[in-house]
2 protein chains.
Amino acid sequence: MTLDAVAREAGVSPATASRALNGTTRVRDDLRTRVRAAADLLGYIPNAHAQALASAEGNRTVGLICHDVSDPYFAGIASGVMRAAAEQDLLVMLASTFREPSREIAYVSMLRAQRARAILLIGSGFQDRAWERAMDAELNPYVRAGGRVAVVSRHRSLRVDTVQPENRAGAAELARALVALGHREFAVLTGPPELTTVADRLAGFREGLAGAGIGLGRVVRGAFTREGGHLAALRLLAAEGPRPTCVFAVTDVMAVGALAALREAGVRVPEDMSLAGFDDIPLVRELSPPLSTVALPLTEMGERVIALALRAPSAAARSRVVRIDGEVVLRGSTAAPPGS
Amino acid sequence: MTLDAVAREAGVSPATASRALNGTTRVRDDLRTRVRAAADLLGYIPNAHAQALASAEGNRTVGLICHDVSDPYFAGIASGVMRAAAEQDLLVMLASTFREPSREIAYVSMLRAQRARAILLIGSGFQDRAWERAMDAELNPYVRAGGRVAVVSRHRSLRVDTVQPENRAGAAELARALVALGHREFAVLTGPPELTTVADRLAGFREGLAGAGIGLGRVVRGAFTREGGHLAALRLLAAEGPRPTCVFAVTDVMAVGALAALREAGVRVPEDMSLAGFDDIPLVRELSPPLSTVALPLTEMGERVIALALRAPSAAARSRVVRIDGEVVLRGSTAAPPGS
DNA sequence: CTGAAAGCGCTTACAG
DNA sequence: CTGAAAGCGCTTACAG
C-alpha cells in the first residue's frame, strides 16, 4: 500500500493525500475525509523510510546505547527513556554493548546510518584516548549534521548534554554516614578503574573518610558485575591482616555479589561486617538484610536524558549538565561495628 | 555525505561506488580501493533509509515488543535477543507496552512503518477477542508483505512461530515436588487471568495437585508485579480459615513481593510457610531464603525467538513451535510443612 | 566490469 | 486549497 494508491482511491493527487494524512497544511474537509477513508480502507501504513528520506523532519527514532539491558541499573534508566519516548510517539532503538568499546562505536555508526533523531549514551565511558578519539569522530559529524546527543554518567567525552549523578558527593556522604555509625576500618570493592564512575565514587569515598582522618583501607578490584563483586569479596576475606568492619562496593550489583560471598563465608552482615552499595537498584530492598546504598532516581534519569536530547539545542553552544543528587539510605546491611 | 560525493571523489559512477561498498558485484580492484578510500576520507555513512527504500533486502532492524524492560523476566529475554542481533549486525527497536494492549498494537504499526525485518512479541497475550482481531489485522498484512513474526509465550493469536515455555508441565511438576515435600494445604498467588501464561500455570499446578488428590486451595489474584504479589500475599494472610503450608506465586516477580509480605507479617519462610515461584529470574537466588522456582532459560529463549523469526519461513506455511522445558529447582524457600 | 537511468515512497517548494 | 514536478539517497536491472 502506497500513498499513490490511497490518492487514487480517494481521487486526489498524492500531494493532497500526503497533506491530508499529515495535517501539515489546510486541506478541504471533504477531501481530507475521503483520503482518511481510503487510507483506512486500504490499511495504508506510510513507509517511514520514504518519509525520513523525503522530509526534513528526520525520523521518529531515538538510539539508546547501554552496556547491558539485563543489568537492573541500565534497565531502570532504559525504562525511563522508553516511558518518555512512548509519550512522544518515538521509537527507541536499544543497543547493548556488553561492555565492548568497539561495539559501542559500531552502534553509534549504525544509529547515524538510521538517521536517529538523537543518540543516548548510558553509562560510564572508558578513559581511553584512542576510544575517545574514535567516539568523537563518530559523534562530531553527527552533531554537526543536526543530530542530538545526550549522555548519562559520562564526562570529558565531547561537549554534549549530560545527566550526571553526583557520584563523588554521594560516595563522600555515604562515607560520612558510615563513619558516624562508628566504623574506622574500611575496604572498597571496586570496578574497572578506567570507568569514570568508578574513579569518582572511589575518590568521593576516600574524601569522605579523609574528613574524619580515616584512610581508604584495602581496595579490591573486580568486574562490574555480580560475579565481580562476589569474587572481590572473597579475595578481600582471603587477604592477610585485620578485617575491615565495613565494606563499600561501588555499585549495588557488585554489592549483591559481595553479600552472597560474605554469607557463604559465614560472615554475618551487619553483625560482623557492614556492607553498602551505590545506585539503589530495586532488588537491593529485597535482600536480607536490605542493602544500604546511595539512591539514584534511575527512571527519572532516563526521562531527563531523553528530554535533554530532544530539547532544542541551547542557543549558546554550551552543553547542559543536569546534576542528580544521590541520597544516602541506610538500611539493614549497615550497623555499628562489632564490639562497639 | 552522500554516495554521489564519494563517487565523485573516487572518480567513478555512483553505481560503481555502491557496488564497491556493498561488495554485491565484482568491481575492479583498483576502483574498489579508490572508492573505499574516498568513503573513509569523507567519513561516508550510507543512509539506511535510502538503502531500505531502494533495495529489496529490507533493512537491518528487528522490533522487540515486551511489557516492561525493567522487569527482569523481559530483561533476560531481551538480553538474549540483543546478543543474537549483535552477532548479525541487526539493530533492535525495543518497545515497552507497559501492559497496555492498545500500545502494543500501536507499536506493531510503527514497526511496520519502519519496515522492520521481523517483529518479536514477548510475553503473554491478552485473551480478548477485540484485541486479538486488531492484532491480527496488523500482523497479517505485515506477514503477507514478507515480514517475519515470532513470539514468546503466546498461543492462539495468529499462526506464527513460537517459543513456548512449558508452563503447564512445569507448574505441574512443581506441584508434585511440593507434595513430595509433604505439603497438603496450598494457596496460589495469581495474575490477571486473561493472560494465557497465568491460565496455563494455574492449570498445571492444579493438575499436579490433583494427581495426589489435593485441591488447589485459595487462589488470590494480584497484579503481575512485585507489588501485586505483595498485596496478594497480604490478602491471603488476612483471609479467614486455616493457612496453607505452601504458597505458589505464578511468577518470581510476584513471589518476591510475597516473600517481603510474609516477612513483614512475621511468617517465617520456609519454617512456617513454603513459597515457590516460576521463571528463575536472576535475583531470586539472592534472596534469603533463595526462592524455589521453575527455571526457564530466559536468555536462550531470547536467542531462540529471534532465530526463529530470522530463519527462512518454513516451506509448509505451518508455524513452528519451540518448546522450552522448565526445570523445577528447589531452594531454601521450600521445606517440609511445619510439624511434619 | 561499468555507467546511465529508472525507481523505491514519500514531502514540499512552486505555480496556479 | 490543490496539483505537477523535483528531489531525498540509494540500488539494480539493462545495455554496453
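Reminder, nothing fancy here: chain letters follow the sequence lines and each chain counts from 1.
- Using a 4.0 Å cut-off on heavy atoms, none of the residues of residues 32-43 of chain A approach DNA chain D.
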With 3.5 Å as the limit, what N/O pairs link the protein to nucleotides 13-16 of chain C?
from    : atom 1 : to       : atom 2 : distance (Å)
dA13(C) : N6     : Arg19(A) : NH1    : 3.2

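- The nearest whole Å value for the distance from the CG atom in Asn47(B) to the P atom in dG7(D) is 18 Å.
- Asp4(B) has its CG atom 12 Å from the C1' atom of dT11(D), to the nearest Å.
- The CZ atom of Arg148(A) sits 10.5 Å away from atom CG of Leu120(A), with the distance rounded to the nearest 0.5 Å.
- Of the candidate nucleotides dA4(C), dG3(D), dT2(D), dT2(D) has the atom nearest to the side chain of Arg28(A).
- As a whole-Å value, the separation of Leu21(A) CG from dC10(C) P is 10 Å.
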Output side-chain donor-acceptor pairs under 3.5 Å for residues 78-93 of chain A, partner residues at least two apart or in another chain, one line each.
none

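- Residues in residues 11-37 of chain B take part in no ring pair (Phe, Tyr, Trp, His ring centres under 6.0 Å) pair, two or more places apart or across chains.
- Applying the salt bridge (charged side-chain N to carboxylate O under 4.0 Å, His left out) criterion to Glu138(A), with sequence neighbours excluded, gives Arg112(A).
- Atoms CG (Leu3(A)) and P (dC8(D)) sit 19 Å apart, rounded to a whole Å.
- Checking the phosphate oxygens (OP1, OP2) of dT2(C), no side-chain nitrogen or oxygen of Thr16(B) falls inside 4.0 Å.
- To the nearest 0.5 Å, atoms CZ (Arg311(B)) and CG (Asp161(B)) are separated by 7.5 Å.
- Rounded to whole Å, atom P of dC8(C) lies 20 Å from atom CD of Gln114(B).
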Pair pattern of DNA chain D in dot-bracket, where unpaired bases get dots and | marks partners in another strand, Watson-Crick or G-U under 3.5 angstrom: |||.||||||||.|||

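- At whole-Å resolution of the value, NE2 in His49(B) and P in dC10(D) are 12 Å apart.
- Rounded to an integer number of Å, the gap from OH of Tyr44(B) to C1' of dT11(D) is 11 Å.
- Of the two residues contacting DNA chain C, namely Ile45(A) and Val27(B), the nearest-nucleotide position lying further toward the 5' end is that of Val27(B).
- Closest to the side chain of Pro46(A), out of dC10(C), dG9(D), dT12(D), is dC10(C).
- Side-chain contact between Val12(A) and Val27(A) is absent, with no heavy atoms from C-beta onward closer than 4.5 Å.
- Note that the CG atom of Asn140(A) and the CZ atom of Arg133(A) stand 13.0 Å from one another [nearest 0.5 Å].
- Relative to the side chain of Ser55(B), the nucleotides dT12(D), dG3(C), dT12(C) differ in distance, and dT12(D) lies closest.
- One finds the OG atom of Ser102(A) at 10.5 Å from the OH atom of Tyr107(A) (value rounded to the nearest 0.5 Å).
- For the contact set between residues 106-113 of chain B and DNA chain C, defined by any heavy atom under 4.0 Å, there are no members.
- Note on residues 2-31 of chain B: no pairs pass ring pair (Phe, Tyr, Trp, His ring centres under 6.0 Å), not counting sequence neighbours.
- The list of side-chain hydrogen bond (donor to acceptor under 3.5 Å, both in side chains) pairs with a residue in residues 12-23 of chain A, not counting sequence neighbours, reads Ser13(A)-Thr16(A), Ser18(A)-Asn22(A).
- Within the structure, the ring pair (Phe, Tyr, Trp, His ring centres under 6.0 Å) test picks out the following pairs touching residues 28-56 of chain A (sequence neighbours left out): His49(A)-His49(B).
- Residues meeting the salt bridge (charged side-chain N to carboxylate O under 4.0 Å, His left out) test with Glu194(B), sequence neighbours left out: none.
- For Arg304(A), the CZ atom counts as loosely surrounded, since its 6.0 Å shell holds 12 or fewer non-hydrogen atoms of other residues, nucleotides or ligands.
- Whole-Å rounding puts the Leu53(A) CG to dT11(C) P distance at 11 Å.
- Of the candidate nucleotides dG3(D), dC10(D), dG3(C), dG3(C) has the atom nearest to the side chain of Ser13(B).
- Partners of Arg99(A) under the salt bridge (charged side-chain N to carboxylate O under 4.0 Å, His left out) rule, at least two apart in sequence or in another chain, do not exist in this structure.
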